[in-house]
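Worth knowing before you read on, the calculation uses all heavy atoms, side chains too, and leaves out hydrogens, waters and symmetry mates.
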Amino acid sequence: MNDCITRRAALAACLLALCGAALSAPALEAAPQALAPGVISTAFHDFAASLTPDGNAVFFTRTDAGFNRMVLLQSVKRGGQWQAPTVLPFSGIWNDGDGVLSPDGRRYVFISNRPASGTDAKADLDLWQVLRDAGGNWGEPHRLPDHINSGVNEIYPSLAADGTLYFGRAGNGNPVFRSRLVDGAYQPPEQLPFNAFSFAVAPDQSFGIAGVLDAARNSDLFLVERNGEGWAAPQRIEGPLNSPQQEFASSISADGKTLLFASTRREGAAAWPRAKPVRSAADVAGELASFPFNGLRNIYSVDISALRK
């Protein structure tokens, strides 16, 4: 009898622990909103967005479906409206993407196939950095050192307030690395104890948001809590943040409250019949260009304050 009671008590404790774990799973009730459909989120791939500290400009990547023509863009907000994007002054020649702005707005790190010397494009994508002075003027981009870059694609950098660089590396399970900035120089990177397709660190490095691939290579967003000098296991964020499609390529605003991320979700179906028939190739091109929710990447914004309560 005592053994039976003991087993039942152990089972009850286990069930309580499981329920507690379920209850403690991170969740957001707020629904993400597409960022400026038709202006920033378009019929092309738009992703890897980050806000300036004042929230009045956003930097992001736009490219074709094959990722062969990546360009870094900027849109500014005037009168509460996002304006037509312009190409950043250091982009537009090479295949540039995955850019991230530092929380103070003075440092921008991106990936590029531009060569460190010569005129031939690199076969892989390396991390480059460009600095902005107090007057808002950009300097010349510089390739990060060889102990940061490798012979494969570096992907999705993220910057903490103290300059620490987080980044991914394609292949081999998509490891994530951290390189501390000491006296203006990035130190040899340390591999973090989890893999992710993309990872965005909070400015204070107390947590991060990881885009984690499943066996079918679908990606959802997970909360990763800082645990002293280590990191807790990633936990999937419940609620409308994640969809049946892919979510990844995120960044966290300077105040730690807003998450920008990319998603391939579809916000609505086309209406039938067409209100106006398409009669020419130009009509077809115009219709396709005007519908951003076509399964390619769009940029979304959501308040993540509730994750930190």
Side-chain angles (χ1 to χ4, degrees), residues 26 28 30 32-33 35 40 46-53 55 58-61 72 97-105 107-111 127 129 148 153-170 174-181 189-213 219-227 231-237 239 241-243 246-264 297-308:
L28 282 176
Q33 301 297 315
L35 190 64
I40 294 174
D46 299 296
F47 62 102
S50 54
L51 290 166
T52 54
V58 63
F59 298 72
F60 64 101
T61 304
L72 299 171
D98 290 10
V100 66
L101 190 66
S102 62
D104 65 3
R107 185 186 305 266
Y108 192 71
V109 175
F110 61 98
I111 62 173
L127 288 167
Q129 175 179 268
I148 299 292
N153 292 341
E154 274 63 51
I155 55 175
Y156 298 119
S158 183
L159 290 166
D162 68 356
T164 300
L165 171 68
Y166 292 74
F167 64 95
R169 189 167 285 157
N174 298 116
V176 179
F177 298 88
R178 174 179 63 193
S179 173
R180 303 178 193 272
L181 186 66
E190 318 154 52
Q191 186 171 341
L192 299 187
F194 58 88
N195 290 359
F197 182 53
S198 66
F199 181 71
V201 71
D204 65 359
Q205 301 180 78
S206 63
F207 71 100
I209 303 294
V212 178
L213 294 171
S219 175
D220 280 342
L221 295 177
F222 284 62
L223 176 67
V224 189
E225 299 270 12
R226 184 78 175 268
N227 189 0
W231 295 85
Q235 291 182 287
R236 185 181 184 275
I237 301 171
L241 178 68
N242 287 305
S243 75
Q246 292 189 327
E247 283 75 41
F248 49 91
S250 53
S251 70
I252 300 169
S253 61
D255 62 7
K257 296 179 180 180
T258 300
L259 179 73
L260 296 185
F261 66 97
S263 176
T264 59
R297 302 178 183 190
N298 286 311
I299 296 167
Y300 287 79
S301 174
V302 66
D303 186 337
I304 57 170
S305 301
L307 289 178
R308 312 308 304 149

Practice prompt. Enter the distance from Ser243:OG to Tyr300:OH here, rounded to the nearest 0.5 Å.
Written response: 8.0 Å
Practice prompt. State, yes or no, whether a side-chain contact exists between Glu225 and Leu223 at a heavy-atom distance under 4.5 Å.
Written response: yes
Worksheet item: So, the side chain of Ser198 versus the backbone of Ala249: is there a donor-acceptor pair under 3.5 Å, distance only?
Response: yes
Item to complete: Check whether any side-chain heavy atom of Thr264 lies under 4.5 Å from a side-chain heavy atom of Arg297, and answer yes or no.
Response: yes
Response to the item:
Looking only at heavy atoms, the pair that brings Arg107 and Leu181 closest together is NH2-CD2, 3.4 Å
Worksheet item: Can you tell me if Ser301 uses its side chain to pair, donor with acceptor, with the backbone of Leu35 under 3.5 Å?
Response: no
Worksheet entry | Any donor-acceptor N/O pair, Thr164 side chain to Ser179 backbone, under 3.5 Å | no
Worksheet item: To the nearest 0.5 Å, what is the distance between CG (Leu213) and CD (Gln246)?
Response: 7.0 Å
Worksheet item: Does the Thr61 side chain pair with the main chain of Asp98, one donor and one acceptor, at a distance under 3.5 Å?
Response: yes
Practice prompt. State which residues pass ring pair (Phe, Tyr, Trp, His ring centres under 6.0 Å) with Phe197; sequence neighbours excluded, sorted by chain then number.
Written response: Tyr156, Phe248
Item to complete: Indicate yes or no for a side-chain donor-acceptor contact from Asn174 to the backbone of Asn195 under 3.5 Å, with no hydrogens or angles considered.
Response: no
Fill in: Minimum heavy-atom distance between Val224 and Ala210, given as atom pair plus value
CG2-CB, 3.9 Å
Item to complete: Report yes or no: does Asn153 contribute a side-chain atom to a donor-acceptor pair with the main-chain N or O of Ile155 at less than 3.5 Å?
Response: no
Response to the item:
Of all heavy-atom pairs linking Ala306 and Leu28, the shortest is CB-CD2, 3.9 Å
Worksheet entry | ring pair (Phe, Tyr, Trp, His ring centres under 6.0 Å) against Tyr108, all qualifying residues, sequence neighbours excluded | Phe59, Phe90
Worksheet item: Which value, rounded to the nearest 0.5 Å, describes the distance between Ile252 atom CD1 and Lys257 atom NZ?
Response: 14.0 Å
Worksheet item: Does Thr258 use its side chain to pair, donor to acceptor, with the backbone of Ser253 at less than 3.5 Å?
Response: no
Item to complete: With the side chain counted from C-beta on, respond yes when Pro32 and Ser263 share a heavy-atom pair under 4.5 Å apart, and no when they do not.
Response: no
Worksheet item: Do the non-hydrogen side-chain atoms of Leu221 and Leu259 ever get within less than 4.5 Å of each other?
Response: yes
Worksheet, complete the sentence: Tightest non-hydrogen contact, residues Leu192 and Arg178, listed as CD2-CB, 4.0 Å
Discussion item. Could you check whether any side-chain heavy atom of Arg308 comes within less than 4.5 Å of a side-chain heavy atom of Ser206, counting everything from C-beta outward?
Written reply: yes
Response to the item:
Value for CG (Leu241) from CG (Leu307), rounded to nearest 0.5 Å, stands at 8.0 Å
Fill in: Which atom of Pro103 lies closest to which atom of Ala160, heavy atoms considered
CD-O, 3.7 Å
Discussion item. Tell me the closest heavy-atom pair linking Ser50 and Ser251, and the distance in Å.
Written reply: CA-OG, 3.5 Å
Worksheet item: Please, which pairs that meet salt bridge (charged side-chain N to carboxylate O under 4.0 Å, His left out) have at least one residue in residues 246-256, sequence neighbours excluded?
Response: Glu247-Arg265
Worksheet entry | Sole residue of Phe167, Trp231, Phe207, Phe177 in ring-ring contact (aromatic ring centres under 6.0 Å, His included) with Phe199 | Trp231
Discussion item. Can you tell me how far apart CD (Glu154) and CZ (Phe110) are? Round to the nearest 0.5 Å.
Written reply: 13.5 Å
Worksheet item: Do the non-hydrogen side-chain atoms of Phe60 and Leu260 ever get within less than 4.5 Å of each other?
Response: no
Worksheet item: Can you tell me if Arg226 uses its side chain to pair, donor with acceptor, with the backbone of Gln205 under 3.5 Å?
Response: yes
